[in-house]
Amino acid sequence: MKARVLVVDDEAPVRFTVAEVLRDAGFDVLEADSVEAARGPAPDQDVIVTDLSMPGASGLDLLAWVRERCPEVAVILLTARGSERI
Amino acid sequence: MDATRASADKIQDDQLASVSTTFLRLRPKLLLPAGPVLILLLVSAGTPGEQLVAIAANFLLMLGFFCWEALRMRTRSINPQAFARSLMVTIVGIASVCGLSGGPQSPFLPILFAPTGIAFAAFGTSRLTRSVLVVLGLSVIYIGVSRFLFPWPAIRAPHVHVMLLCATLVATTLLFFGVTGLASAYRETAAQLEKVRLEVVESTARRTSELEALGARMAHELKNPLASIKGLVQLMHDSVSRQHALAEAALDSQRFELRLGVVLNEVSRVEAVLASSLTFTRPVLELRKQPQRLDTYLCDFAELVGGQAQQAGVVVQVECAEAYVEFDPDKLKQALLNLAQNSLYAMPEGGHLRLSGAVRAHECVIEVSDDGRGMSCDDLARVKEPYFSRREGGTGLGVAIANGIVEQHGGSLSFESTLGKGTTARLLLPLGAPTRALSRGAS
């Protein structure tokens, strides 16, 4: 069975690109444009790939939420920031 | 730097005008008391009647000229050319008195140094100094030959010595006021120039840091679209090289089309960011101000946005009395268009877009108001920042450009907004040309 990946990013072109790369690599990919939209499908995923800074709830908020509700789901944070300072 | 040089010349001319005006006002007051002393000395020296009358008449003529100039200077100030002419007339007058009072032996010779010295101090090595020197040269020649023109004897000692001392004193006093005044004027000019220089340095530094910030933000703006373009093109490149794309079924060519569509959109976004940045970073394009009838202009503008507004279910209202204001119609249209588009975006369910114009004492107020969703305090604080946008696909340059245009007119742009109630953008433009406002309403 294909691994399920949820891509979360408010910027459609970036989200689409990441999703396409993952689809091309053979994953079963879902997209969400905000943390709020991601919460529904999140528990059914194997991996969540999320942008760090988004308007409203951030990638870190999603990470905390996933840790609490479905800690078995892996979360990968993406950011264009040059350092670990947020 | 040409602007700095022009302002330096202007400051120096202003200083020179102020000092020479003061000097010309003071001159008759210094010479007036010397008159009776001179006549008294000439009489007691046994000067022949005709010579006495000639000298006194010449002196009075000069004093009259000085008084006339001083009176003129009460209401106006003088330019360098007129000051040089005045000094040359003075030299001719003094030379004439010298010629009548013994030529090369005249006790009034030292006074010639006063106007000449002041001309040197005021005009430096300029053309005006050369003209003064020519007049001085001719005057000296006249004084030399005057011995042969007039039959009168030289003034007797010891009176001639007293007069020589008095003349030296008068010359020194005139030189003192003239030269020290000019010297402090030059110091003042230097101080003002230093101020201008500091202002230039400061504004350059500010502009540089603005451009640096702009560059950093632009790089940030371009990074995401470029990452998408690169990622997608790379994907397609890989799939072509794996011979997948064209050999396989319709789904793959659809995928291809979808990817290429995103790439195209992203390229357009990069272009839009670059194009807007160029306009934003180049507000140096000259303003073409023209007198405009504000109410007509706003009505025309309402027509312009009318189509788009109608589609969005927005009613456009214009509120403006008849008024004439000077501004760049094309640039202001761009500013208003950017603001109106933000307003339309803020009213997805439709609403009212109100354009109002009014002329106050020193400024013209134009407002673009909507009853849309409004902005939070945080957004309101950042609204003028370049690249700040809450709009999907917005470049975040609309307000920054509008602000640049209003500032170029010497005005200011401010915003008032309440969440859920709407936003008002207020443009204040200083009035350049005469304007008039009537109470009649127009719409």
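Sequence lines set the chain letters: A, B, ... in the order given, protein chains first and strands last, and positions in each chain run from 1.
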**Q.** Side-chain touch B/R269/A/P13, heavy atoms, less than 4.5 angstrom
**A.** yes
List the atom pairs, donor and acceptor, that lie under 3.5 Å between side-chain atoms in residues 58-68 of chain A and the rest of the protein, sequence neighbours left out.
residue	atom	partner	partner atom	Å
A/S58	OG	A/L60	N	3.3
A/S58	OG	A/D61	N	3.4
A/D61	OD2	A/S58	N	2.8

Q | Value rounded to 0.5 Å, distance of CZ in A/F16 from CG in B/L258 | A | 4.0 Å
Q. At their closest point, which heavy atom of A/T17 faces which heavy atom of B/G231, and how far apart are they?
A. CG2-CA, 3.9 Å
Q. What residue pairs, at least two apart or across chains, pass salt bridge (charged side-chain N to carboxylate O under 4.0 Å, His left out) with a residue in residues 30-44 of chain A?
A. A/R15-A/E31, A/R23-A/E31
Q. Considering only heavy atoms, which portion of B/I229 lies under 4.5 Å from any heavy atom of chain A: side chain, backbone, both, or neither?
A. neither
Q) Is it the case that more than 12 heavy atoms not belonging to B/F415 sit under 6.0 Å from its CZ atom? A) yes
(Q) More than 12 heavy atoms of other residues, nucleotides or ligands under 6.0 Å from CD of B/Q317: yes or no? (A) yes
